[in-house]
Amino acid sequence: MPDQPVRPLRAPAALFADRHIGPEPDDRAAMLRTVGHASTAELMAAAVPESILSAPGVPARLDLPEAAGESEALAELRALADRNRVLVSMIGQGYYGTVTPPVITRNILENPAWYTAYTPYQPEISQGRLEALLNFQTVVADLTGLPVSGASLLDEATAAAEAMTLARRATKGGSSTFVVDSDVFGQTLAVLRTRAEPLGIDVVVADLSQGLPEGDVFGVLVQYPAAGGAVRDPRPVIEAAHERGALAVVAADILALTVLRSPGELGADIAVGSTQRLGVPMSFGGPHAGYMAVRQGLQRQLPGRLVGVSVDSAGRPAYRLALQTREQHIRREKATSNICTAQVLLAVMAGMYAVYHGPLGLRAIAERVHERTAALAEGLRALDAEVLTDSFFDTLRVRVPGRASSVVEAARELGVNLFPVDQDTVGVSCDETTTPEHVALVLRAFGAQGAVSPAASGAALPAGLVREVDYLEHPVFNTHRSETSLLRYMRRLADKDLALDRTMIPLGSCTMKLNATAEMEAVTWPEFAGLHPFAPLDQAAGLVRVVRDLERWLAEVTGYDAVSLQPNAGSQGEFAGLLAIRGYHRARGEEGRDVCLIPSSAHGTNAASAVMAGMRVSVVACDDNGNIDLADLRAKIGKAGDALAALMVTYPSTHGVYEDTITEVCRLTHEAGGQVYVDGANLNALVGWAKPGEFGADVSHLNLHKTFCIPHGGGGPGVGPVAVRAHLAGHLPNHPNQTEAGPYAGVGPVAAAPFGSAGVLPISWAYIRMMGEEGLRAATETAVLAANYVAKRLEPYYPVLYTGANGLVAHECIIDIRGLQKRTGISNDDVTKRLIDYGFHAPTMSFPVPGTLMIEPTESEDLAELDRFVDAMIAIRGEIDRVAEGSYDREDNPLKNAPHTAEELTSDDWKHAYTRAEAAYPLPSLRRSKYWVPVGRVDQAYGDRNLVCACPPPEAFGE
Ligand SMILES: *Cc1c(COP(=O)(O)O)cnc(C)c1O
């Protein structure tokens, strides 16, 4: 390597990398001096074990296109967008045209205050998005008629799968049978089957309008309205299920529920579905927010996150994630689900759509959709077509013997996509965007001659199922009728929160790096956002090209042979990767291999995913240095014997260290017949230096919402591609509606849409396209440099828990608060809350080690911001010392009372032993720019004892 202090980036073509990477060359040189290395290359060579490099001291080569500038990359994306053809979609099947109010597109979807936020684990700096999520939960709870709704799941199909496993846990009977009505979406059934098989659940498909088949069952699922459009009364099925001691799951269309009686009212235990059609673009399959709501008594079983109401230190109402101890680290092998990242940004959008329209507006949309459908049915009956659906909301099945494909083709010629059900049947769905002209086009495709003017027709909802119960009566859904009012409401919420547009978010393991505007721009282009996931592939040629490029580039970056972009979160990539391992062993006749070794330091999703994939988890100990204990590994491999399926390990480790035993760990596993799964969430420490697929791993998932710049959105969306070596490629996910989405004999779909959350893939595409090989490598090197810089500067004040070779960390570092806590009573919780007074989002708390903080600065933070953070941490250490010396009281001090609200600080009776200035302005720089936290420390236990998960009445705020 050239021994220049700082390798200059290749200007000017790599200009974007210079913008993505925070520290300037001079700053990098200064940071290197602090860390004690002459160049970033030398630092990397010292930190990264030689065994994972292709040659000593030499980084991996990446065969990627030359880096493009921002304008160039956007022009290329523009050209790809132009290759898509967005037709009027009347395909339905869970995805519908919808109008995103522009005020929501610009101020939520395109607003970094919303899209760069993190999951609201720190409730005090997350009150805005927590309120927005509570709106979402209220919409779902009101419309489904079930009291407790979660804050989003990944999509409708996976929500149905979560409901299936919930039903099994909750019934605890001996039955392993889950009965699914034959008239459900094909993708829902397919995902249920993928998820059921490894758990030994029998999915029995039956026409439940003929009654429940004989035998023991633990749950049933019906769709309401059915996939074919029929609105059937689910009560007979629900009652039959309850008589057998089973739970009833209703997959319900959220818009239809504004005019149909709710699942809760009809007796359902669980409702699931998608909120896509509440103003979220189809985007070729996602991201959108799935939902689940449950009846009283099941709330503690709910997968994913749940927002609840609690109180803060002054007794004011305050929001926070409820029942967190339930989710904490997804409870490893005892997990109820592996859901971590969900779909927060999209849930916020759907909630805002309801705020925008209010109950009457939503009903008006539903009624219009229904009227169009009724007019269409009327028009079709006048033609030579048999409308098979008598009672419907928005979807019809039309019988045209032998002519289905010619009708679909004729419609396509007219610019409309219909759904080909079989040779004799066509499906048509209306939605918010359907106009009388669209209806007329469909009638022409079915053979109507000349000008058609479809007549309005009577409603076709069964009388007994017409909704009578009101919904969305809370003022929030009835106040913001003017755009001015809504704009200010959204601004008020955003202003309460800390996101990347205000401060660095040094969350270890989460890689909160820049989400550049140039990367984000294409997401809302109608040529990408308007595509239905089951549209013919030739209409999506440009987006498919994005998919294929990204698959190839990610394979190049990781050293694997094949990639599937279908998993829509890291957790889902884990599940898919473990299914590939399972499929591989089975294909070789080694069904008995079902033990998954997981180090004790692993992320909670790892063990949860292993259980979902039908594996038994065996925990491998870590030694005092945080590394995998090789002796224990050998022992556990020996104990597993022929049952060893896999070892699942994060690299660099969750301790933020490049373990130099990794190749040995891979070898031992392979020798025993196991496969190696490397959790790639920490790939930001490897890109351009080492490739897991080359240093011994068989499969990894990546988190595009960490390393590859998809924003966290406050807890989603995410994309968790799974990458495998060639021998596992035949066991990747596939999809029943799209043969191009995966291998012929794959393991089935792990998400509802063939290419997962395809709508956000242009973000990662743009990142790689604009960074190129050198930019990506420089990002990794700068991330490692920044982590070592922070570690070095904090070391005199807080012990750095683990380091690797040469005393270096990888891209994150863990500082230990336990010693200080023992001496002073100040906990890591107090430190994180005090950081809020300094204007910072806390680092990751107590993961992977209780009583510690894990700091990941990323490459995108400039030196001034890194120093601002370090200065805050040093000042906090000074405050802790004052507690130790006794000049601060052990209980009444700025740390224990943090964060301090403006209300408290300006109150006429200030009772504390320290001054207001010490509380509010501990550093002079805060006088120039200060974040005012809207609530004091939130009482977690109170909210769990008094669970409230819908919008509280205004009186609760004393208004
Ligand atoms: C973030 C993370 C995951 C889970 O990813 P999600 O997208 O949140 O499901 C898994 N493993 C590690 C080490 C992670 O940091």
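Residue numbers start at 1 and run along the sequence shown. Read the numbers this way: they start at 1 and go in the same order the structure lists the ligands and their atoms.
- In terms of heavy-atom proximity, T669 sits nearest to L644 at O-CD2, 3.9 Å.
- Taking each heavy atom of M854 and P843 in turn, the nearest pair found is O-CB, 3.2 Å.
- Classification of the F840-F869 ring pair by plane angle, with boundaries at 30° and 60°, yields perpendicular.
- Taking a heavy-atom cut-off of under 4.0 Å, ligand 1 is surrounded by C340, T341, S509, A569, G570, S571, E574, H603, T605, D679, A681, N703, H705, K706.
- The two atoms that bring V809 and A791 nearest to each other are CG2-CB, 4.5 Å, heavy atoms only.
- For A685, the side chain to side chain contact (heavy atoms under 4.5 Å, CB included) test picks out P652, Y658, A810, H811, with sequence neighbours left out.
- Taking the side chain as every heavy atom from C-beta outward, T844 and E812 never approach each other to under 4.5 Å.
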